[in-house]
Amino acid sequence: MDTSSTASYTAKLIDGPLEGRTVATDFLDTGDPRPRIELNADGGKRYVYSRGAGLEFDGDNSAQPTAVEYRYVETVFD
């Protein structure tokens, strides 16, 4: 069993309406962090965040980040 990869990581929202919050997010099938995430909010809207430059790694597992920064892009109204 390969223990060097994990199924999820922490997305750190560094600005926008959800600034300072974190959410658990799954890696892509390739093992890479998602380039963007969309988070549902009240009132039929979604907040779109794009991956930033900040990455955090656990000392025991340097293959994948344990946390990734995301920057606010836009609010989409359904």
Side-chain angles (χ1 to χ4, degrees):
M1 177 160 97
D2 180 10
T3 59
S4 65
S5 64
T6 57
S8 65
Y9 61 96
T10 300
K12 298 172 75 174
L13 310 177
I14 61 172
D15 61 3
L18 301 177
E19 180 177 359
R21 296 190 185 187
T22 60
V23 294
T25 304
D26 292 334
F27 285 101
L28 297 172
D29 291 339
T30 61
D32 296 320
R34 296 186 176 280
R36 60 187 263 158
I37 56 175
E38 294 187 20
L39 303 167
N40 293 327
D42 293 337
K45 60 185 171 184
R46 293 174 285 144
Y47 297 121
V48 180
Y49 281 79
S50 180
R51 192 170 80 195
L55 300 172
E56 293 179 18
F57 292 88
D58 183 358
D60 296 334
N61 179 9
S62 63
Q64 291 179 309
T66 55
V68 178
E69 289 183 349
Y70 283 83
R71 299 194 69 89
Y72 174 73
V73 176
E74 68 178 334
T75 301
V76 177
F77 295 92
D78 292 330

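Quantities reported herein were computed from a predicted structural model and do not represent experimental measurements.
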Exercise for the section: Identify the two heavy atoms, one from Gly31 and one from Gln64, that lie closest to each other, and give their separation to 0.1 Å. Expected result: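 It is O-NE2, 2.8 Å.
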
Got a donor-acceptor contact below 3.5 angstrom from the [X] side chain to the [Y] backbone?
X: Arg34; Y: Asp26; answer: yes
X: Tyr49; Y: Gly52; answer: no
X: Arg51; Y: Pro33; answer: yes
X: Asp15; Y: Tyr72; answer: yes

Practice task
Could you tell me whether Arg46 atom CZ has more than 12 heavy atoms of other residues or ligands within 6.0 Å of it?
Solution key: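 Counting other residues, nucleotides and ligands, CZ of Arg46 exceeds 12 neighbours.
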
Verify the cluster assignment for [X] and [Y]: are they in a single hydrophobic cluster under the rule of side-chain heavy atoms below 4.5 Å apart?
X: Tyr47; Y: Ile14; value: no
X: Phe57; Y: Tyr9; value: yes
X: Tyr70; Y: Val76; value: no
X: Val48; Y: Leu18; value: no

Exercise for the section: Starting at CD of Glu19, measure out to NZ of Lys12 and round the result to the nearest 0.5 Å. Expected result: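 The distance works out to 12.0 Å.
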
Problem - Point-to-point distance, once rounded to the nearest 0.5 Å, from CG of Asn40 to NZ of Lys45 - result: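 So the CG of Asn40 and the NZ of Lys45 are separated by 12.0 Å.
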
Handout entry: Criterion side chain to side chain contact (heavy atoms under 4.5 Å, CB included) on Leu39 and Leu13, from CA distance to verdict
Key = CA-CA 11 Å; Leu39 303 167; Leu13 310 177; 3.7 Å; yes

Exercise for the section: Please determine if Glu38 and Arg36 form a salt bridge, counting it only when a charged side-chain N lies under 4.0 Å from a carboxylate O. Expected result: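 Judged by the 4.0 Å cut-off on N to carboxylate O distance, Glu38 and Arg36 do form a salt bridge.
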
